[in-house]
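These notes concern the structure reproduced below.
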Amino acid sequence: MIKVDGRKRIVKARIILFQDKMLGWFGVFGRHHLPWRQEGLSSYEIVIAEVLLQRTKAETVEKFHALFLETFPSWEAIAKADNSFIEQQLQPVGLYRQRAKRLKDLALEMVGREGRFPSDRKSLEQIPFLGQYIVNAIELQLFNKPRPLIDVNMTRVLERYFEERQLADIRCDPYLQSLAFRVINHPRSKEINWAILDFAASICKARVPLCTSCLLADTCTFYKKNLF
DNA sequence: TTCCCGCGGA
DNA sequence: TCCGCAGGAA
């Protein structure tokens, strides 16, 4: 590692090694079947998936999201539905009261915009329910820009393999933000993002990481420190 | 910083 | 039982 601006900067070769390993792993073990990763989805379908995925396991959303899209096929359908009905439909995935209210606000806004998302980041962040994560997800998936999907899972993987963050809030940590961007800044940005999320869910798990079946263990900071 | 919430795995 | 989960807003 090299010191830059008083902080250790991870060398490029280590980033490239991580990217290559992740892409290789993703080809074999990635969750390619997840419905919101298929080609040709509308912006509505993509954003609804992100809304449902908040603090909710992908496996849970997977079983639920087709039914939800059937019930609410468009922003208009949500915008004109009763709040109590939206709550009722969201109940199986939890966080249903908050989600229903915010989703309705978002739907009303999107009806006013005729379903089109603005392409600049500042305008996106003005729209209700669109925080840093979902804005990144929109830029990544709708506008094909390299953007990191920094959630607790990606954070855990990056902290274990590279180095721990400085701040409690992952959205405000400049080290984590810049590291994540370097890692996903690649022609196959979308796949690397998904690879890290899948890898976090099935190998680099929060409670019991499966280091013995991890292809990155030999170069992993966390593994070396804990000597599994 | 805290709350929101049901689900599934350990 | 308990813990953690593709976050955002107050």
Side-chain angles (χ1 to χ4, degrees), chain A residues 22 26 29-38 41 43-65 67-69 83-84 86-110 121-122 124-142 146-160 165-173 176-177 180-181 183-184 189-211:
Chain A
M22 274 298 138
F26 183 68
F29 301 107
R31 296 180 289 186
H32 306 288
H33 57 279
L34 291 177
W36 51 90
R37 289 187 184 173
Q38 307 311 312
L41 294 184
S43 61
Y44 172 73
E45 292 170 314
I46 288 172
V47 174
I48 288 298
E50 299 303 336
V51 165
L52 296 177
L53 283 163
Q54 280 194 355
R55 302 299 295 167
T56 311
K57 287 191 177 82
E59 288 72 19
T60 304
V61 177
E62 188 179 6
K63 287 177 283 188
F64 175 79
H65 109 295
L67 174 64
F68 188 87
L69 287 175
N83 193 265
S84 59
I86 305 173
E87 285 188 4
Q88 181 191 329
Q89 296 304 307
L90 285 172
Q91 199 165 357
V93 286
L95 299 170
Y96 60 92
R97 285 192 293 198
Q98 279 192 4
R99 246 195 284 230
K101 182 189 175 343
R102 294 172 185 178
L103 186 54
K104 176 135 183 170
D105 290 343
L106 172 60
L108 288 168
E109 174 77 19
M110 291 313 294
R121 192 177 181 86
K122 282 182 181 162
L124 283 169
E125 283 174 343
Q126 304 288 327
I127 297 175
F129 214 162
L130 305 190
Q132 188 192 84
Y133 180 93
I134 296 186
V135 167
N136 277 344
I138 289 172
E139 290 194 301
L140 177 71
Q141 299 182 69
L142 298 185
R147 293 289 182 272
L149 302 176
I150 308 178
D151 68 334
V152 288
N153 298 296
M154 178 179 288
T155 302
R156 185 176 62 249
V157 173
L158 295 182
E159 283 192 299
R160 281 179 177 168
R165 72 187 136 167
Q166 298 176 303
L167 306 178
D169 189 340
I170 62 180
R171 286 164 291 205
C172 303
D173 190 312
L176 183 64
Q177 294 288 328
F181 182 75
V183 166
I184 61 81
S189 182
K190 208 185 291 186
E191 290 170 78
I192 293 185
N193 269 292
W194 290 343
I196 297 172
L197 296 181
D198 294 357
F199 181 76
S202 57
I203 304 290
C204 199
K205 301 196 283 186
R207 198 91 61 85
V208 192
L210 306 181
C211 298

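Please read all numbers here as calculations on a predicted model, not as lab measurements.
- Closest-nucleotide positions on DNA chain B for A:T60 and A:V208 were compared, and the one nearer the 5' end corresponds to A:T60.
- Between A:F26 and A:W194, the ring planes are tilted. Angles from 30° to 60° get that label.
- Contact annotation for A:Q91: backbone-only contact, meaning every heavy-atom pair under 4.0 Å involves sugar-phosphate atoms and none involves a base.
- In this structure, of C:dG7, B:dT1, B:dC5, it is B:dT1 that holds the atom nearest to the side chain of A:D169.
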Worked verdict on A:M154 versus A:D151 for side-chain contact (heavy atoms from CB on, under 4.5 Å): CA-CA 6 Å; A:M154 178 179 288; A:D151 68 334; 3.6 Å; yes
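- Taking for each of A:R97 and A:R171 the nucleotide of DNA chain B with the nearest heavy atom, the 5'-most of the two is the partner of A:R171.
- A donor N or O paired with an acceptor N or O is not found under 3.5 Å between the base of C:dG8 and the side-chain atoms of A:R55.
- No donor-acceptor pair closer than 3.5 Å links the side chain of A:T155 to the backbone N or O of A:N153.
- When the C1' atom of B:dG6 is taken as reference, atom CD of A:E87 falls 14 Å away, rounded to whole Å.
- For A:E50, the side-chain atoms get nearest to C:dA6 when compared with the rest of B:dC5, C:dA6, C:dC5.
- Nucleic acid contact for A:G131: sugar-phosphate only, since backbone atoms but no base atoms lie under 4.0 Å from a heavy atom of the residue.
- Across all strands shown, A:Y96 has heavy atoms under 4.0 Å from sugar-phosphate atoms exclusively, and none from any base.
- Annotation: of the two residues near DNA chain C, A:R37 and A:L130, the 5′-most nearest-nucleotide partner is A:R37.
- Nearest to the side-chain atoms of A:W194 among the listed nucleotides C:dA6, C:dG8, B:dC5 stands C:dA6.
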Start with the C-alpha gap between A:L95 and A:L90, add the side-chain angles, then the distance that decides, and say whether side-chain contact (heavy atoms from CB on, under 4.5 Å) holds. CA-CA 8 Å; A:L95 299 170; A:L90 285 172; over 6 Å; no
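- Nucleic acid contact for A:L52: none, since no nucleic acid atom lies under 4.0 Å from a heavy atom of the residue.
- Here, C:dG8 and B:dC7 have their P atoms 23 Å apart, quoted to the whole Å.
- Look at A:K205 and you won't find any side-chain N or O under 4.0 angstrom from OP1 or OP2 of C:dC5.
- A donor-acceptor pair under 3.5 Å is formed between the side chain of A:R99 and the backbone N or O of A:V93.
- A residue-by-residue look at A:P128 and A:A58 shows that A:A58 has its nearest nucleotide of DNA chain C further toward the 5' end.
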Working note: A:K101 + A:R97, criterion side-chain contact (heavy atoms from CB on, under 4.5 Å); need CA distance, chi angles, decisive distance, verdict. CA-CA 6 Å; A:K101 182 189 175 343; A:R97 285 192 293 198; over 6 Å; no
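- In the set C:dA6, B:dC4, B:dG8, B:dG8 carries the atom at the smallest distance from any side-chain atom of A:K63.
- Electrostatic pairing of A:R121 and A:E125 counts as a salt bridge here, judged by a charged N lying under 4.0 Å from a carboxylate O.
- In terms of phosphate contacts, A:R156 brings a side-chain nitrogen or oxygen within less than 4.0 Å of OP1 or OP2 of C:dC5.
- Side chain of A:K57, nearest nucleotide from B:dC7, B:dC5, C:dA9: B:dC7.
- If you take CD of A:E191 and P of C:dA6, they are 20 Å apart, rounded to a whole angstrom.
- Distance CG (A:L106) to P (C:dG7): 16 Å, rounded to an integer number of Å.
- Counting to the nearest Å, the P atom of C:dG7 and the CG atom of A:L103 are 16 Å from each other.
- When the P atom is used for both B:dT2 and C:dG4, the distance is 16 Å, rounded to whole Å.
- Regarding A:H65, its NE2 atom lies at a distance of 19 Å from the P atom of B:dC7, rounded to whole Å.
- Spacing between atom CD1 of A:I134 and atom C1' of C:dA9 amounts to 12 Å, rounded to whole angstrom units.
- Nucleotide C:dG7 holds its P atom 15 Å from the CD1 atom of A:I138, rounded to whole Å.
- Between the P atoms of B:dC5 and C:dA10, the separation comes to 15 Å (whole Å).
- Separating the CZ atom of A:R31 from the C1' atom of C:dA6 is a distance of 8 Å, rounded to the nearest angstrom.
- Counting only heavy atoms from C-beta on, A:R207 has its side chain closest to B:dG9 among C:dC5, B:dG9, B:dC4.
- Side-chain proximity of A:L95 to C:dA6, B:dG6, B:dC4: nearest is B:dC4.
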